[in-house]
2 protein chains.
Amino acid sequence: MLATDRNLSIKNGVKPQAETQAETHELQGMVDLMSAPMTFRRNVEIYGEGEPAEYLYKIQIGAVRTYKVLADGRRQVGGFYLAGDTFGLETDAEHAFSAEAISECKLLVIKRSALVALAARDYDVACQLWALTGAELRKVQDHILLLIKNAEERVAAFLLEMAERVPVGATVELPMSRQDIADYLGLTIETVSRTLRHLESASTIQFSSSRRIVLRNRSALARLNT
Amino acid sequence: MLATDRNLSIKNGVKPQAETQAETHELQGMVDLMSAPMTFRRNVEIYGEGEPAEYLYKIQIGAVRTYKVLADGRRQVGGFYLAGDTFGLETDAEHAFSAEAISECKLLVIKRSALVALAARDYDVACQLWALTGAELRKVQDHILLLIKNAEERVAAFLLEMAERVPVGATVELPMSRQDIADYLGLTIETVSRTLRHLESASTIQFSSSRRIVLRNRSALARLNT
DNA sequence: CGGCGGCTTGATCGGTCTCAAGTACGGTGG
DNA sequence: CCACCGTACTTGAGACCGATCAAGCCGCCG
């Protein structure tokens, strides 16, 4: 559950009052107006699979993973969410995955019922909710294509995906552990580590530290990305 | 592209006129009113990946597969759609997958722009479009969980999924080939065949013919379904 | 009866997992 | 600043599962 005793009343109405009415009809604006800030520490659960999906979340700072655990303990990471990303939106009443903070996180929390009520009056908002779910669908469909590839292709695709989302030059700063990556790619931690080292020995990538990676040969990675 | 020269004008307005106005606001009713019937022969493409997503499709009779082909020729089947299912709805402008008729198919074709226009006026319709995308998202998320399992677990999950969707006693009639199943499960055709035969030798299933399977021990399958 | 596509079966190969150590790193306390 | 600890990551050797390659079989249709 929401690991806090904060009151989730409408807060954070800090946008300039001069803003036009039209602009506040945009989802981004509404999120700011209807949201409450919250923080989560590393590895703390934000919500659990099967819990009522009452809120959605927008990341201001930090990173989040969603995941499911199978009966035998195997874990599948559904996705990683970084600053600016939204997660936790469901069409169903319950969350399909659990969500945890990968690093210390600052989130905006929005009550789903408030957004849905707004969508009933404002068609643009309804479209944006639909588009959010559609974007999530695309991501998951791409994820499936990952899972039929070999280890090197999966790791390459992962690096390119991360590089695209954190476009700070050619260096990728990974907030997640090798275990998180392995569970995202459907590999073991050992295979992920070996594959990364293999890419390094081929001068395709270079490690600043184990979680800071410089992409030295992006086209070689893209070639692996089938 | 739409492999036909039929005119896609509004047709099929065959519902009883006594039907209430409220009822026709339901998506099901609208589909019938705004749709055109079409038929596709076995293995014929209904739409291609990357083509404009102008229509969605509801299956009256037959079965459809959606798929992507990677650069090296590997094919991933995204899903199977049976009578009563809807497919081809996108939030994006283009289809993410290709779609083909598995068997001779009778479909209802609905213009997306007509539905979207209706959704702008009728919030219930907007909700149902959102819900359709949400249901698709769930299916794909479940599919990911499949792909991290071993061969026997994947095949068992596939059989249970099909049994659920064609609930004619304990017998499952598979419209798709072993190759389709293999590409759906991320396995080879040989592994699918071997695994099915192995389940047969364990008396978990029984073949009437290669595409007619009787589930003899559903709980054994469920146990494999982690 | 012959041929072809779909399916099965067998033998071998290879990629990833598993099990088991070993190493680097960040943090904490002296 | 260093010693220590625990966690995260790396590296190696061997086993195993599913892929690959190669025949053969079955059922259907001309």
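In what follows, chains are A, B, ... by sequence order, proteins preceding strands, each numbered from 1.
Although no hydrogens or angles enter the test, the distance criterion places a donor-acceptor pair under 3.5 Å between the side chain of S98(A) and the main chain of E49(A). No donor-acceptor pair under 3.5 Å is formed between the side chain of R112(B) and the backbone N or O of L56(B).
Counting heavy-atom neighbours within 6.0 Å of R165(A) CZ, excluding the residue itself, gives a total above 12. For R211(B), the CZ atom sits in a packed shell: over 12 heavy atoms of surrounding residues, nucleotides or ligands are nearer than 6.0 Å. Within a 6.0 Å radius of CZ in R74(B), other residues, nucleotides and ligands contribute more than 12 heavy atoms. The environment of R216(A) atom CZ is sparse: at most 12 non-hydrogen atoms of other residues, nucleotides or ligands sit within 6.0 angstrom.
Geometrically, R154(B) does not engage Y184(B) in a cation-pi contact, judged by NZ or CZ lying under 6.0 Å from the ring centre and within 45° of the ring axis. With Y81(A) as the aromatic partner, K139(A) meets the cation-pi criteria of under 6.0 angstrom to the ring centre and within 45 degrees of the ring axis.
For the segment residues 70-78 of chain B, no residue has any heavy atom less than 4.0 angstrom from an atom of DNA chain D. Within residues 196-208 of chain A, no residue has a heavy atom under 4.0 Å from DNA chain C.
In this view, R65(A) and N43(A), E100(A), D180(A) satisfy the side-chain hydrogen bond (donor to acceptor under 3.5 Å, both in side chains) rule, not counting sequence neighbours.
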Would you tabulate the pairs of protein nitrogen or oxygen atoms and nucleotide nitrogen or oxygen atoms of nucleotides 4-6 of chain D closer than 3.5 angstrom?
none

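Of all non-hydrogen atoms in L185(A) and F158(A), the two that sit nearest each other are CD2-CB, 3.9 Å. Looking at every heavy atom in both residues, A63(B) comes nearest to L82(B) through CB-CD2, 3.8 Å.
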Under 4.0 Å protein heavy-atom contacts per nucleotide of nucleotides 12-30 of chain D, with B for base, S for backbone only and - for none:
BB----SSBB---------
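dA8(D) atom C1' lies 18 Å from atom CZ of R212(A), rounded to whole Å.
Of all nucleotides in DNA chain C, those with any atom nearer than 4.0 Å to a heavy atom of chain B start and finish, going 5' to 3', at dG6(C) to dA11(C).
Between Y57(A) and F87(A), the ring planes are parallel. Angles under 30° get that label, and only those over 60° would be called perpendicular.
Here R212(A) pairs with E173(A) in a salt bridge; the nearest charged N to carboxylate O distance falls below 4.0 Å. In this structure, K58(B) does not pair ionically with D85(B), as no charged nitrogen and carboxylate oxygen lie closer than 4.0 Å.
Under the side chain to side chain contact (heavy atoms under 4.5 Å, CB included) rule, L199(B) has a single partner from L224(B), L215(B), N217(B), which is L224(B).
Residue contacts shown for R154(A) are absent, as no nucleic acid heavy atom lies under 4.0 Å away.
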